[in-house]
Amino acid sequence: MRIELPHRSERFGAVRIHGVQEVWELDSGGEPASVDDNAWHSIHHVPSTTINDYERRMAIVVPVKGERLKVLDGVLSGIPHDCLIILVSNSERDPVDRYRMEKETLRRFCRLASRSALLIHQRDPGIAAAFAEAGMPEILEDDGLVRDGKGEGMLIGLALAKLSGREFVGFIDADNYVPGAVYEYVQAYASGFHLAESPFSMVRISWRSKPKIQAGRLFFNRWGRSSQVTNRFLNLLLSSYSGFGTEIIATGNAGEHAFSLDLALRMQFAAGFAVEPYEYINVFERYGGVLASPDKDVMKAGVEIFQIETRNPHFHENKGADHVQEMRLQALNVLYHSPISVQDVRDEIADFLRQEGVIGEGEEPPQELLYPPMSGIDWDTFGRVLGDKSESFRQIEKVRPASLERQTPIPEIPDSESKG
Ligand code: GDD
């Protein structure tokens, strides 16, 4: 992949936010980068061999809730071969067992493509018990199961990525109609990690366009409705500290993003759709230098955030205006209540929410749920309880037909079928 180097970067304490970088060439070949390749220092060649090296060390988590199977199948086909696929489903099981259909889709794909994968249902009592016994009961609802929500699905995926021994984790929504876009996102994740100088890094995708049909024509929208609002307020927070206006943050809501596990396991995540904007807020809280940081090693090495503008259009299922409104409200709620938020930002958020008719005069935005970092989890206990109690956890083995060689993603943990 040939990718623009960031022209601008802004700092917030130990966090470096790089400006949006464009992809110039989807595949720039496998030759190692020479002095000539990167001589102008504005465009960087990341050889396909290097990208592949990162893919081998990466798990891709696909959160899914009731998406069309054909679309899910397309998403799977776009995930590069050497990444481990982790499907976390919160789809209905009754009266129609959609989870079973997803399992069949994944199994068939893995058999034909000779790949391994992990699969679990979010409401499996076994994953709930694993979180409870290993030290993170906050993720459970009153009914004793993991709460509904995309953020919660991502946390399950993150835990499985950790157990699998992968060093990087990326997230890809299951409702993406363009398999080529999925492929490009993962290549961009790998390129971002390659450019990072710190082991604590995050790569967020900013798509160039989001096509829509308007008045019978295809219209290539630049920004999503929720992103515009989230980015504006996140940038306002930065400006209020630096004293300089900025538009550096363009990926406040990015559903497609990736972390080094070294960073992800130290961070706090928010519930539901507050999850992505809160990732920015939490790195500022922990490593921005405003509050005392719990991680001295991260403060020393710094955190790097890359924002990569991909070439493929982002074409996904449209879930309607109410859904968009819900997402942007959750983003503003977490920013409003953050201990690093300042009065000017709070006032502007409250004014905006009043204009939108969401809160009344004198009312405050609601608080969102925040989870503790996963660094407190006892991973041996987590794996043991998951293996003992899970009903839906499946490990799909990579089988090479000619040699009948099998590779299980996490060999030490039994899955629900191997238990009989
Ligand atoms: N496991 C799990 N659990 N998955 C879920 C849940 C859940 O409770 N809720 C939704 N998902 C899955 C969906 O099936 C989809 O694959 C993905 O999470 C994103 O959910 P959508 O409901 O499709 O969100 P969206 O497409 O409107 O918004 C996406 O893009 C935004 C940026 O524009 C999401 O990724 C947002 O988080 C993101 O901010």
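Order of appearance sets the numbers: ligands from 1, and atoms from 1 within every ligand. No hydrogens, no waters, no symmetry mates; every other heavy atom, side chains included, goes into these values. These numbers come from a predicted model, not from an experiment.
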Counting heavy atoms under 4.0 Å, the part of Q122 that contacts ligand 1 is side chain
- For ligand 1, find out whether one of its N or O atoms is nearer than 3.5 Å to an N or O atom of W207. no
Residue pairs meeting salt bridge (charged side-chain N to carboxylate O under 4.0 Å, His left out), one or both in residues 124-136, sequence neighbours left out, come to E133-K389
- Task: Please confirm whether G149 comes within less than 3.5 Å of ligand 1 when only nitrogen or oxygen atoms on both sides are compared.
- Result: yes
Discussion item. Just checking F131 against Y371, ring centres under 6.0 Å apart?
Written reply: no
Quick look: E276 vs ligand 1, heavy-atom contacts under 4.0 Å, and the answer is side chain
Report task. Run the salt-bridge test on R93 and E391 with the 4.0 Å N-O cut-off and return the result as yes or no. Result -> no
### Task
Might you confirm whether atom OH of Y183 has over 12 heavy atoms from other residues, nucleotides or ligands at distances under 6.0 Å?
no
Near D175 (heavy-atom distance under 4.0 Å), the atoms of ligand 1 are 16 (O), 23 (O), 26 (O)
Does D173 reach ligand 1 with a nitrogen or oxygen that is under 3.5 Å from one of the ligand's nitrogen or oxygen atoms? yes
Sorted by chain and number, sequence neighbours left out, salt bridge (Lys or Arg N to Asp or Glu O under 4.0 Å) with R11 holds for none
>> Quick check: G153 and ligand 1, any N/O pair under 3.5 Å apart?
In response: no
Are F168 and Y189 an aromatic pair, judged by ring center distance below 6.0 Å?
no
Taking both backbone and side-chain atoms of A174, is any N or O found less than 3.5 Å from an N or O belonging to ligand 1? yes
Distance col, row L263:CG vs M202:CE, nearest 0.5 angstrom, shows 5.5 Å
For V88, the atoms of ligand 1 under 4.0 Å from one of its heavy atoms are 1 (N)
Counting both backbone and side chain atoms, is some N or O of K150 under 3.5 Å from an N or O of ligand 1?
yes
